[in-house]
Colleague: 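Before I ask anything, let me first share the structure, which is written out below as structure tokens.
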Amino acid sequence: MLSIYNTLTRRKDVFVPIQPGKVRMYVCGMTVYDFCHLGHARVMVVFDMVSRWFRASGFDVTYVRNITDIDDKIIKRANENGETIDKLTQRFIDAMDEDSAKLGIIRPDIEPRATQYIQGMLDMIATLIEKGHAYHADNGDVFYSVRSFAEYGKLSGKSLEDLRAGERVEVDSFKKDPMDFVLWKSAKPGEPSWDSPWGPGRPGWHIECSVMSASHLGRHFDIHGGGMDLQFPHHENEIAQSEGAHGCVMANTWMHNGFVRVDDEKMSKSLGNFFTIREVLKKYDPEVVRFFILRAHYRSPLNYSDAHLDDAKASLTRLYTALRWKEVSTNNIDWNHPQAARFKDAMDDDFNTPEAMAVLFDLANELNKTGSGETAALLKNLGGVVGLLQREPNEFLQGTTQNLYASLFVNNNTFFSPTVTNYDNQKIDELIKVRIEAKKAKNFAEADRIRKELADAGIVLEDTPQGTTWRRA
RNA sequence: GGCGCGUUAGCAAAGCGGUUAUGCCGCGGCCUGCAAAGCCGUUUAGGGCGGUUCGACUCCGCCACGCGCCUCCA
């Protein structure tokens with residue numbers, strides 16, 4: 001039985017799909033005006049893991065993750081760059097797709113773009129006005145009237161009184177209530193706009209998610225996810241809009257992943273302390289980044305630092321080292337196997353990936369002791385359930401993929417710069433041969449010299465019963 | 001000010017009212033020409049003060065500290 005922590009109820013609830021065997025999930029995606037940072041990577045990896053686990057558990061999943069392609073910051077950035085909005089957003093959508101592919105993320109089933117749902121938004125806004133949940137203000141904007149929705153605050157646990165008391169922003173005099181939020185912004189000169197019954201303008205941020213989720217998943221669906229910071233006001237407002245317009249519950253389960261932090265502070269654009277995914281991938285293998293994210297629980301804060309990435313790399317190296325030289329068949333997982341059952345229990349307990357990872361390490365230990373093909377297969381296949389350990393071990397250990405990344409450049413942004421070294425695979429193999437001869441001749445000084453030479457270049461030699469092999473440190 | 005979350009060994013990070021988490025690092029041993037990898041063993045825990053209990057890191061209360069949301073933010 002799968003339990004999920006539901007922000008709405010503030011506890012773990014047993015997951016019961018609306019339609020048996022079917023999961024409909026909506027996740028708030030990116031606003032595409034810049035490269036994705038590690039915080040975005042976490043959302044993508046976490047909900048990729050969630051959808052993979054649902055599928056591994058036999059569910060038919062429809063996973064929708066939207067793209068916000070119209071927004072104040074997009075307009076501003078396009079103006080700054082002297083670039084059209086279309087060109088700007090497409091550029092960063094392409095970059096996002098590249099980044100997420102590197103991280104082993106399976107594309108969501110549907111990735112709707114806000115600008116393609118304007119009509120739906122106009123319809124929903126009209127419905128909200130009709131039902132008394134929204135009003136056309138004197139400045140031309142259309143606002144949602146929070147007072148009209150009795151349950152406003154049920155997700156974030158905030159009351160309108162508390163919110164007003166803590167009001168820190170200049171109150172917009174056109175609003176009936178300071179907490180009212182905009183559904184339709186009337187266009188200012190030079191801004192992109194769409195025609196509407198309330199004059200030319202563009203949608204507010206929140207309305208797009210209400211429309212896109214209903215378009216693809218229906219008015220009532222299973223899971224709505226996103227980063228913690230979207231809980232309020234974004235998700236609270238989505239609920240007010242959707243439930244106000246449709247008169248039914250929007251989503252049964254609300255999932256929120258924790259932040260990525262730097263020095264114990266939230267990584268964010270506004271703080272300027274962010275690292276883009278591609279920046280991090282210059283130094284670290286993408287699977288290391290994925291593992292780094294999955295070895296923490298999705299709701300916990302995750303501190304980013306090179307030391308932690310190094311640690312994750314060493315850990316993942318242990319798993320791949322165990323799988324080295326093993327013939328592994330990708331048969332189905334026997335969930336009755338004690339370790340597989342433990343893995344399943346962990347995942348079923350609100351996606352406890354740290355515990356699931358511990359299972360992988362226990363299997364690696366068993367594999368190192370027994371060399372059992374069955375254990376190797378279980379290790380690799382369980383890893384595959386969360387999108388790990390699917391490469392040839394030597395591809396990971398010897399970093400041969402670095403050559404592949406080296407060829408990827410995006411808009412003058414170096415995507416991956418492999419350690420510049422004169423030691424390509426051929427050179428390494430040659431030196432290993434020379435060293436083997438030296439060893440045969442008992443010339444250990446020469447053998448050690450070669451090993452030292454390679455070690456200085458970041459190549460670690462290992463003499464095994466199968467012969468001499470190597471990996472990158 | 002309001003609401004919420006967290007505090008586990010050198011670092012990272014889980015479960016659990018009593019039985020080895022796990023990984024990295026350190027230390028000792030085995031293996032090795034020597035290493036590396038691996039195996040075996042091992043040192044470091046549960047913010048503070050009370051309470052419940054035969055027994056609490058685990059439940060309850062208070063305090064301290066840290067973080068987040070209340071404004072765009074994954």
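All chains are named by letter (A, B, ...) in the order of the sequence lines, taking the proteins before the strands, and each is independently numbered beginning at 1.
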Colleague: Taking the cut-offs as 6.0 angstrom to the six-membered ring centre and 45 degrees off its axis, would you call Lys269(A) and Phe274(A) a cation-pi pair?
Modeller: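 Yes; both conditions hold, so Lys269(A) lies above the ring face of Phe274(A).
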
Colleague: Can you check whether Arg11(A)'s main-chain N or O pairs, donor with acceptor, with Asn6(A)'s side chain at less than 3.5 Å?
Modeller: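 No, because the side chain of Asn6(A) does not come within donor-acceptor range (under 3.5 Å) of the backbone of Arg11(A).
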
Colleague: If the threshold is 4.0 Å, N to carboxylate O, is there a salt bridge linking Asp34(A) and Lys73(A)?
Modeller: no

Colleague: Are Lys12(A) and Tyr5(A) in a cation-pi contact, defined as NZ or CZ under 6.0 Å from the six-membered ring centre and within 45° of the axis?
Modeller: no

Colleague: If the threshold is 4.0 Å, N to carboxylate O, is there a salt bridge linking Glu287(A) and Arg290(A)?
Modeller: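 No, no charged N to carboxylate O under 4.0 Å.
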
Colleague: Return the polar atom pairs (N/O with N/O) between nucleotides 3-5 of chain B and the protein under 3.5 Å, or none.
Modeller:
{"residue": "C3(B)", "atom": "O2'", "partner": "Gly157(A)", "partner atom": "O", "Å": "3.4"}

Colleague: When we call it a touch if two heavy atoms are under 4.0 Å apart, what does Arg324(A) touch: a base, just sugar-phosphate, or nothing?
Modeller: nothing

Colleague: Quick one: label Val260(A) by what it contacts on the DNA or RNA (base, sugar-phosphate, nothing), any heavy atom closer than 4.0 Å.
Modeller: base

Colleague: Check every strand shown and say whether Ser159(A) touches a base, only sugar-phosphate, or nothing at a heavy-atom separation below 4.0 Å.
Modeller: nothing

Colleague: For Lys266(A), answer base if it contacts any base atom (sugar-phosphate contacts may also be present), sugar-phosphate if it contacts only those atoms, and nothing otherwise; contact means non-hydrogen atoms under 4.0 Å.
Modeller: base

Colleague: Runs of at least three consecutive Watson-Crick or G-U pairs, both distances under 3.5 Å, are what I'm after; which ones involve RNA chain B?
Modeller: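 Expected stems, ordered by start: B:1-7 with B:64-70, B:10-12 with B:22-24, B:26-30 with B:38-42, B:47-51 with B:59-63.
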
Colleague: With the threshold set at under 4.0 Å for non-hydrogen atoms, list the residues of residues 338-345 of chain A touching RNA chain B in residue-number order.
Modeller: none

Colleague: Any side-chain N or O of Asn303(A) below 4.0 angstrom from OP1/OP2 of C11(B)?
Modeller: no

Colleague: If you look at every strand shown and take non-hydrogen atoms under 4.0 Å, does Arg449(A) touch a base, only sugar-phosphate, or nothing?
Modeller: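 No contact.
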
Colleague: Under 4.0 Å between any heavy atoms, over every strand shown, what does Lys439(A) touch: base, sugar-phosphate, or nothing? Just pick one.
Modeller: base

Colleague: Taking the nucleotide of RNA chain B with the closest heavy atom to each, which residue, Thr321(A) or Asp71(A), is nearer the 5' end?
Modeller: Thr321(A)

Colleague: When all nucleic acid strands are considered with a 4.0 Å heavy-atom cut-off, which category describes Leu461(A): base, sugar-phosphate, or nothing?
Modeller: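 The residue Leu461(A) makes base contact.
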
Colleague: Counting only N and O atoms by type, is there a donor-acceptor contact under 3.5 Å from the side chain of Asp71(A) to the main-chain atoms of Thr31(A)?
Modeller: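 Flag not set: sc Asp71(A) to bb Thr31(A) has no pair under 3.5 Å.
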
Colleague: List the residues meeting ring pair (Phe, Tyr, Trp, His ring centres under 6.0 Å) with His235(A), not counting sequence neighbours, and say none if there are none.
Modeller: His224(A), Trp254(A), His256(A)

Colleague: Please state how far atom CZ in Arg299(A) lies from atom P in C69(B), giving the value in whole angstrom units.
Modeller: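 Going from CZ in Arg299(A) over to P in C69(B) covers 18 Å.
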
Colleague: What is the nucleic acid contact for Gly29(A), judged by heavy atoms within less than 4.0 Å: base, sugar-phosphate only, or nothing?
Modeller: sugar-phosphate

Colleague: Does NZ or CZ of Lys313(A) come closer than 6.0 Å to the centre of the six-membered ring of Tyr284(A), within 45° of the ring's axis?
Modeller: no

Colleague: Of the nucleotides C67(B), A14(B), A74(B), which has the atom closest to the Arg261(A) side chain?
Modeller: C67(B)

Colleague: Side-chain donor or acceptor of Asp448(A) under 3.5 Å from a matching atom on the base of G33(B)?
Modeller: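 Checked by distance alone, the answer is yes.
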
Colleague: Between Phe232(A) (CZ) and A74(B) (P), how many Å, whole number?
Modeller: 17 Å

Colleague: Within the pair Asn257(A) and A74(B), is there a side-chain N or O less than 4.0 Å away from OP1 or OP2?
Modeller: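 No, Asn257(A) has no side-chain N/O under 4.0 Å of OP1/OP2 on A74(B).
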
Colleague: Write down the distance between OH (Tyr26(A)) and C1' (A74(B)), rounded to a whole number of angstrom.
Modeller: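 It works out to 13 Å between those atoms.
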
Colleague: Could you encode protein contacts along nucleotides 24-32 of chain B as a string, one character per nucleotide from 5' to 3', using B for base contact, S for sugar-phosphate-only contact and - for no contact, with a heavy-atom cut-off of under 4.0 Å?
Modeller: B--------

Colleague: Determine the contact category for Phe444(A): base if any of its heavy atoms lies under 4.0 Å from a base atom, sugar-phosphate if only primed atoms, P, OP1 or OP2 are that close, otherwise nothing.
Modeller: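 Counting heavy atoms under 4.0 Å across all strands, the contact made by Phe444(A) includes a base.
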
Colleague: Do any of residues 37-44 of chain A sit with a heavy atom less than 4.0 Å from RNA chain B, and if so which?
Modeller: His37(A), Gly39(A), His40(A), Val43(A)

Colleague: Measure CD/Gln231(A) against P/C69(B) and give the value in whole Å, please.
Modeller: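 Those two atoms, CD and P, are 11 Å apart.
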
Colleague: So, Arg77(A) side chain and Tyr33(A) main chain: donor-acceptor pair closer than 3.5 Å or not?
Modeller: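 Confirmed, Arg77(A) side chain pairs with Tyr33(A) backbone.
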
Colleague: For the side chain of His297(A), counting heavy atoms from C-beta on, which of A14(B), A74(B), C40(B) is nearest?
Modeller: A14(B)

Colleague: Considering only heavy atoms and no angle criterion, is a donor-acceptor pair shorter than 3.5 Å present between the side chain of Arg451(A) and the base of C34(B)?
Modeller: yes

Colleague: Planes under 30° and centres closer than 5.5 Å, is that true for Phe259(A) with the base of A74(B)?
Modeller: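 Whether judged by distance or by angle, Phe259(A) falls short somewhere, so it does not stack on the base of A74(B).
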
